[in-house]
Each structure stands twice: as C-alpha cells, then as structure tokens.
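A short write-up of the structure that comes next.
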Amino acid sequence: MAALPEYAATWGIRLVDTESDVADFLGWVDDVAGLVSVDTETCGLDWTGRSFTRLVQFADDRVSWAVPTSWWGRPLTRALQTIRDKEIPVAFWNASFDMKALESDGFPVPHWHKVHDGYVLHHLLAPHLRHGLKWSAGQELGSWATSGETWLKHQMAENNWTWETVPVDLPAYWQYGCIDTLITQKMVRTLAPRVFEAGMKPAYERELHALSVMTRAEARGMRIDHKYAESTRREWLDRALVLKDGLAAEGLTNPNSTQQVAEVFKELGWAPEDFTETGQEVVDSIVLAKLAVQWPGLANDIVEFKRLTKWIGSYLTPFAESKGRVHPGINTLRAKTGRMSITSPALQTLPSGGSAGAIRRCVLPEPGCELWAIDYDGQEARIFANLSGDPGMAEAYAAGDDLYTHVARIVWNDESIVKSDPRRKVAKVILLAFTYGAGIARLAEASGLPAAEVERFVSVLFQRFPTVRAMTGDHALGGGDPGQPAREAVRNLNETGLSYVLTTGGRRFSMPEGESYKAVNGRMQGSGADVLKSAIVRLDRAGLGDYIVLPVHDEILFSFPKGGGAELAERAAACMTDDDWDIPLTVDVTGPMKNWGEAYA
C-alpha cells in the first residue's frame, strides 16, 4: 500500500458498536458545525426495497463514523434529523443514490439546498474523464485511496459474501466505508474551489437543482399499464417465434449471432465490405438496410426479430412484472456533454414511430390525472443556427421555416420542398453527422447519397452560410481550418492542459488531446443539456417540478390533474420556452393523453 499523506494519517475511524459509541457519535453530531460528508453501504443498487441500507457513514475533516442501520435505527434517525434541522451542508458522491437509499428506509435526509455532490463537481471540471469516487480519488489524492476496496473484495470473494451478506462489523467493510466518506470530504473540499474559480458556480447550482427535481421524479416513479404490457409481450413473443421458425428454415438458427447472419448472406452471394478489428464481418443496422434491397424478406425478418426480442426483454417484461409502477433511473450527467439519460428502462433509445408506440402506450398518468408532453421544437437545429450566427438561418426561422427544410430548398434549388419531403431528412442527417466531424465518406454512408452529391451539398452549404464554415471548419472538404470551437479547445489545452470548450450555459465540454473535432458537437449538445436543465429549474421554481414524470431527449412528460391540465401545460410551456436566444427556443405541446403512446400515434 502506498504511504498515506499527512492529512490521511491523522484521520480517525470508528464503528458505532456500543451504547458508549452511540453517545460519542451523537455528541459529535451535536457539535459539528461545518461541512460533513455522508455515504451509505447498501444491499446492491435497487433502492426501491426496504432494509436496503446497511451502513451509514458520516465524516468531517478528521473523523468518520460507521453506523449499522439494523443496530442503531433510532440514534441514526436522530443524527440525520439533527443535521437536517441545523441545516448543515452535506457532501455526497452521487447524492441522488444516497438520498434515495436513506429515504427508502425511512430516514431523514438533508435539505437539497444544503447538498454538495463530488460527482457533479468532478464532471464539471473534466467531463470526458471517469467520475467514480475510487478512480477520481486515485488520480487526485494518490493510489492509496483505492487500496481499501481491493482488500474488502478479496475477503468477500474468499468467504462468498455479497454486499447483502458481508458482516457489518467486518473491519474491512466498515473501515472501507469510513475511508470513502473521509475521501469524499477531502475531494469536495478540493474540487469545489476549482469549480468556483473556473466561473462554474452557476452551472454547479443549476446541476444540483435539476438533480434534486429528477431525484424526486425517480422516487415517485412512473405508472404502468402492466396488464396491457403483458398482453403485448405475449403477442410479440408469438410473432418472434414465428419469425425464428422462418429464419431457421433459411439456415439461421440464431438470428442474434452476427457470425451466423454473415454466413447465411455470404452463401446467398453477399460480399462483405466492413470488418471488425478481429476480422468479423460487420452486420449492423446500416448493413442490414443495404442487404434488404437485395434480400428484403430475410433481412427485414432478422431486423424485426432482433427488435422484438430486445424490446420484450428491455421494456415489456419489466413493465409486465412491475405491478403497475417502475422507477426509471434518470442520470442527469451520464453523458460527457451533460445530456441526461434514462435507464431501467432505456426509454431515450426508443424510436419515435413504429411499434415503439406500443411500449409508450404502457405509460399512464397518475390516478385522476392526464399526460401532457412538451417538446422543444427542433432544439438541435435552432441551437446550431444560433451558434453559427448565420443571418440567413435567422431569416428562415423568422419566416416560419425550419432549418432542415430551408437548407434542403437551397441545396436542391427547389422551393417546393416541404417538411415531409425525404430530401429534408437527408439534409438533417448530413447536418447532424457533419457536426460530429464526419467526412464526405461517412456523410455519404449516413445519408445514402453518392459522395459527389454530398460534397456538392457541403460546398453549397458553405457558400450560402459562410458562418457555418467558420464554426465547423472545412475538414469535410479536405481543408485545413478546424473551425472556431476546435481552435478554442486547442488554445485551452495549451493554456490549461485541458482541451475543452464552454457551453452557452457556462459548462465545460472536454475531450482528449487530439480530438478537438468533437468541439462543435460537444458545444451544441452541451448547450442543449443546459437549456433543458435550466427549464427544469424554472419549472420547479414555478411549482411545476413535481408534475414531471420524466425527461426524454428534448421532451418532458408531465402528469397534470384533470380539469386543470391545459392551464398547467400552458404555464409549463412558458417556463420551457427560451427567448434569450437570437432564434428563440420554442416548444410544442401535446395533450391531454390517456397514455404516452398517443403522442406518437
């Protein structure tokens, strides 16, 4: 084990084991005045069950206490209530998890306006890095900060213990918990000043406020029509079995095997063009779409089988087994851009059309309520146009046009193009892929256009919208200009050692050295994340936060009481609309609905 730094060598750790320990611990709680850190050791990750939390640890700058919940429930409640009543600032690492863990077992929790989160601080400083406590502390404080976990996991493996069965008084267990809490205290003390000195205090406060609203939404959960989910699950299982039998007759016994799929098509005459690093043929959705041109029956059946089996396992089975309520995980800083993601189930990966509507049909309003969906109107395109500062794009929006239709009309010199025209979709695909740093070959693959046509598209785009070229650079056409955001990232790398750009909300989007081409899309996506979270904060301040069911992409789903839904939706839409941009970020309102699927019908 690496030598301990001087500050860690003086730390004290105590297990609350006896009545005397309880008295000492409560005396410490009564006397504590400054920042304290709190952590939990739990039975796993599913915080929705009772008796989930096994240990609660507390720490200041010098000492940490481990309190077994099954031994000292009442003293623990008193301690947490005292901290809450005294409005003592409390630091966590991943506050949402620990707050839900404590609340699920009936313990008081700190006021959210007194909460600090080391995970959020670390993410703000360098989003492209890992943000777990062990890795972050190992990088910041030294390798000694990770050694306790190694020893604990060795003992757990040796004795066949799980997180649910490891003895709470095992020294390696409770000492590990205490050290983690002291490390959290040290890390928050270290990182918070850096965030504030970097001018990101407003961004930090916004992230914490949005986190508090989403944590409450997670705890409320989402009402599910589990009977409909079960009937749909059985229907799709029957269809999947029919598809599997048909594919087996074609020699494909395992449609989920890439190797088998490749072999079947090669026997039919397919010559694969793309391979993985291990030499395996690439048979992804793009390849299957191409194969469907020549072998539509086989390729489409494979796609349908994969989709049905995935959606049955990911959505319908959990919904059917839910007894009417699920608690999706709302991860407010999962992406490097700061975008939110939804897990368990991953609702943000559902497409907007097709059979995905049957899955959304499972989501119901609360009793006596109706669902309303409020979605930003082309947020990505509007942010792109705002960041480019192009007057032609601003004029298009002022005239009631949208960016992709406007660009498509110019590129193809056809004023008859409307929103439903397939060329608009091509324009959208190219513009979005373009911001990711894609070159002509990748743009051609994504759009389905010949490379020469894509090159003409980009040339016309740059000619008619010169500020776009200044923002994105001309790399797609083989030029040497990386664009303004990329130059900014390189400049920051040279000045600070970190390659990053700032979003419009004052957050960093960072990237590894040599990947400054990500700066354009990172600023776009990161600014979109700021927009949504700022809207969530405004909604909460307007008293509408607890009507939120969940956010998905640029949409927020609400459950409003019947009779007042229209008025509440109008207020919510006003909160979400952002007129501070040159091209305002507007919203579309859909409702009332008996289920979420009606929004996509």
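Residue indices begin at 1 and follow the sequence shown. Basis for what follows: all heavy atoms, side chains included, without hydrogens, waters or symmetry-related copies.
Inter-residue side-chain proximity for D274 and E281 is flagged as unmet; no heavy-atom pair is nearer than 4.5 Å. Using a 4.5 Å heavy-atom cutoff, the side chains of W581 and V531 are in contact. Contact check for E205 versus H209: no side-chain heavy atoms found under the 4.5 Å cut-off. Between R507 and L502, every side-chain heavy-atom pair lies at or beyond the 4.5 Å cut-off. Considering only heavy atoms from C-beta on, R334 stays 4.5 Å or farther from R339 through its side chain.
Within the model, atoms CZ of R508 and CG of L125 stand 5.5 Å from one another, a figure rounded to the nearest 0.5 Å. Between I330 atom CD1 and R216 atom CZ the span is 11.0 Å, to the nearest 0.5 Å. From I556, atom CD1 reaches atom CD1 of I548 across 5.0 Å, with rounding to the nearest 0.5 Å. To the nearest 0.5 Å, the span separating CG on L124 from CZ on R206 amounts to 8.5 Å. Atom CG of L333 is separated from atom OG of S341 by 9.5 Å, given to the nearest 0.5 angstrom.
Around CG of D582, the count of heavy atoms belonging to other residues, nucleotides or ligands within 6.0 Å does not exceed 12. Atom NZ of K306 has more than 12 neighbouring heavy atoms from other residues, nucleotides or ligands inside a 6.0 Å radius. Heavy-atom neighbours of R423 CZ from other residues, nucleotides or ligands within 6.0 Å: above the threshold of 12. More than 12 non-hydrogen atoms from other residues, nucleotides or ligands lie less than 6.0 angstrom from CG of D284.
In the model, Y204 has a side-chain atom that pairs as donor or acceptor with a side-chain atom of H116 under 3.5 Å. Using modelled atom types, one finds a donor on one side chain and an acceptor on the other under 3.5 Å when comparing Q525 with E380. Defined by atom type and a distance below 3.5 Å, a donor-acceptor pair is present between the side-chain atoms of T405 and R424. D414 and S416 share a donor-acceptor pair across their side chains, judged by distance under 3.5 Å alone. Counting only N and O atoms by type, the side chains of Q484 and E488 include a donor and acceptor under 3.5 Å apart.
Across all their heavy atoms, Y315 and P345 have their closest contact at CD2-CB, 3.5 Å. Contact record, F275 with G279: CD2-O, 3.5 Å, taken as the closest heavy-atom pair. Residues C575 and L539 come closest through the heavy atom pair CB-CD2, 3.7 Å. Considering all non-hydrogen atoms of both residues, C362 and L316 come closest at SG-CD2, 4.1 Å.
Between F560 and F558, the two ring planes are parallel [angle under 30°; tilted spans 30° to 60°]. In this structure, W135 and H122 have perpendicular ring planes: the angle between them is above 60°, well past the 30° mark.
Ring pair Y547/W372: centre-to-centre distance not below 6.0 Å.
Here the rule is side-chain hydrogen bond (donor to acceptor under 3.5 Å, both in side chains) with S96, and of T215, T332, N331 only T215 fits it.
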